[in-house]
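For reference, the structure is listed below as structure tokens.
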Amino acid sequence: MPVEPTPRRRRLGTEIRRAREALGWSQEEAAQQLGYKALSTISKIENGTQGVKLQVLPHFFEVLQIHEEARRSQWRELVRRAAEPDWHQRYQGVVDDPLSDYLTEIEEAVDLFHWDSGVLHGLLQIPEYERAIIEGSRAWTTADDIERFIAMRAEHRRVMAERQPPLKIWAVIPEGLLRQEVGGRPAAKAQVEHLIDLLRGDPNTTIQILPLSAGAHAGMDGPFMLMSFATGSDTVTIEATRARLHLTDSESVEVYRTTSNHLKSDALGQKASLSLLKTIAKELAS
């Protein structure tokens, strides 16, 4: 029976597709191996338009050769929570499907690498910086939409702050972004000071600054996020104003993993990054 293709159902479908492809099976072959009479069943499951019941998961584990307990545990959790209202249902009109998928995915992720020359990751932003970014984007037409979007972001930060284990974030931030006076000099200074506090005191957040002197670098192709999951399968999210592209194929993911490693190598180490952040904060105070 058709079901709502919620982000968690789509996520499970992606995991099932990866397991099938690892075995070299077509969708029809997987359907036969799993005992489905309709050969289109696997296509529907992988698209998230057909659900999987918790009691049949052991059969999936056996046939698709899912032996790692971490993967089994995540699949069970995705099935248990498959029908929960997602972010675009709770915040209709201000959260679209691609963003909703991302917000749900990040709740499941183990760690995240972020690179963007235009804006800090939302989980690193202070309220003044966040509001200035949202208002400056001109993406929202009414004050009510802005407030609802900010409320959604606040709820998502709360969810992420309370989750266990915590998400590990590694951000490479270009120096020029930190010198941009987003929200005015006081807000920009407060944002840099917040990053200093995170760098000093949050073991789950790693911050490196890419100095202007680095010149050309691997991140000039554009912003991206690389998320890793307990299953060992990673995804890449590429953002634009009104679109988000999710890449799950291993070849594309590996390209961005290499890019993230180059950015880490090009950026300053922790001690030098802290020193530069202090310098920028001092200059913004003058």
Side-chain angles (χ1 to χ4, degrees), residues 106 111-140 143 146-147 149-154 156-158 160-161 166-226 237-241 256 259-286:
I106 200 173
D111 56 61
L112 175 149
F113 174 86
H114 183 258
W115 161 259
D116 193 329
S117 61
V119 66
L120 294 171
H121 190 275
L123 293 175
L124 303 180
Q125 296 175 13
I126 62 171
E128 299 92 334
Y129 182 97
E130 175 187 62
R131 180 175 288 276
I133 289 292
I134 293 169
E135 292 178 348
S137 73
R138 309 295 199 277
W140 312 111
I146 290 174
E147 295 306 323
F149 189 69
I150 289 174
M152 179 279 294
R153 293 276 295 264
H156 186 254
R157 274 198 302 274
R158 178 186 58 76
M160 294 303 296
L167 174 70
K168 293 185 179 296
I169 299 177
W170 191 315
V172 173
I173 304 170
E175 178 184 349
L177 172 58
L178 299 173
R179 295 185 179 280
Q180 188 78 22
E181 296 178 10
V182 175
R185 289 174 74 87
K189 174 178 175 289
Q191 178 64 72
V192 172
E193 289 174 338
H194 178 63
L195 296 177
I196 291 172
D197 291 341
L198 290 174
L199 195 155
R200 282 174 164 168
D202 186 352
N204 296 304
T205 303
T206 300
I207 294 172
Q208 289 182 270
I209 309 304
L210 184 72
L212 293 170
S213 59
H217 53 77
M220 299 185 82
D221 190 44
F224 69 95
M225 288 177 285
L226 173 63
T237 299
I238 301 172
E239 290 187 282
T241 302
Y256 282 94
T259 300
S260 72
N261 290 333
H262 286 319
L263 283 166
K264 291 175 184 178
S265 297
D266 292 342
L268 300 174
Q270 296 287 279
K271 186 175 180 180
S273 292
L274 179 59
S275 178
L276 181 53
L277 284 169
K278 289 179 179 178
T279 298
I280 294 172
K282 184 176 180 181
E283 291 175 0
L284 287 170
S286 60

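Just so it is clear, the structure is predicted and the values come from calculations on it, not from any experiment. Nothing fancy with the numbering, it's 1 onward along the sequence.
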May I ask you to test the [X]-[Y] pair for a side-chain heavy-atom distance under 4.5 Å?
X      : Y      : value
Phe149 : Ile134 : yes
Leu277 : Leu199 : yes
Leu276 : Glu175 : yes
Leu167 : Leu123 : yes
Ile106 : Leu112 : yes
Asp111 : Asn204 : no
Ile196 : Ile207 : no
Met225 : His121 : yes

Let me see the working for Glu135 and Ile146 under side chain to side chain contact (heavy atoms under 4.5 Å, CB included), right down to the final yes or no. CA-CA 7 Å; Glu135 292 178 348; Ile146 290 174; 4.1 Å; yes

Minimal non-hydrogen separation, [X] against [Y], with atom names:
X      : Y      : result
Val119 : Tyr129 : CA-OH, 3.8 Å
Leu212 : Gly176 : CD2-N, 3.9 Å
Ala218 : Thr259 : O-CG2, 3.5 Å
Ser117 : Pro174 : CA-CG, 3.6 Å
Ala281 : Glu193 : CB-CG, 4.3 Å
Gly219 : Leu263 : N-CD2, 3.6 Å

To the nearest 0.5 Å, what is the distance between [atom1] ([X]) and [atom2] ([Y])?
X      : Y      : atom1 : atom2 : result
Arg200 : Leu198 : CZ    : CG    : 11.5 Å
Leu226 : Asn261 : CG    : CG    : 9.0 Å
Ile209 : Leu195 : CD1   : CG    : 6.5 Å
Asp202 : Asp197 : CG    : CG    : 10.5 Å
Phe224 : Ser260 : CZ    : OG    : 5.5 Å
Leu274 : Gln270 : CG    : CD    : 8.5 Å

Is it the case that the ring center of Trp115 lies less than 6.0 angstrom away from the ring center of His217?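 Aromatic pair counts; centres sit under 6.0 Å.
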
For [X] and [Y], indicate whether the former's side chain and the latter's backbone hold a donor-acceptor pair under 3.5 Å.
X      : Y      : answer
Thr279 : Ser275 : yes
Ser273 : Leu268 : yes
Gln191 : Ile126 : yes
Glu128 : Ala187 : no

Between Phe113 and Val172, is a side chain to side chain contact (heavy atoms under 4.5 Å, CB included) present by the stated rule, with each step listed? CA-CA 8 Å; Phe113 174 86; Val172 173; 3.7 Å; yes

Walk me through it: do Thr206 and Ile169 pass the test side chain to side chain contact (heavy atoms under 4.5 Å, CB included)? CA-CA 6 Å; Thr206 300; Ile169 299 177; over 6 Å; no

Test salt bridge (Lys or Arg N to Asp or Glu O under 4.0 Å) on Arg179 and Glu283 and set out the steps. CA-CA 9 Å; Arg179 295 185 179 280; Glu283 291 175 0; 2.4 Å; yes

What residues, two or more places apart in sequence or in another chain, satisfy side chain to side chain contact (heavy atoms under 4.5 Å, CB included) together with Asp221? Tyr256

Do NZ/NE/NH1/NH2 and the carboxylate oxygens of Glu130 and Arg157 come within less than 4.0 Å? yes

Which of these passes side-chain hydrogen bond (donor to acceptor under 3.5 Å, both in side chains) with Gln125: Arg131, Arg153, His194?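 Result for side-chain hydrogen bond (donor to acceptor under 3.5 Å, both in side chains) with Gln125: Arg153.
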
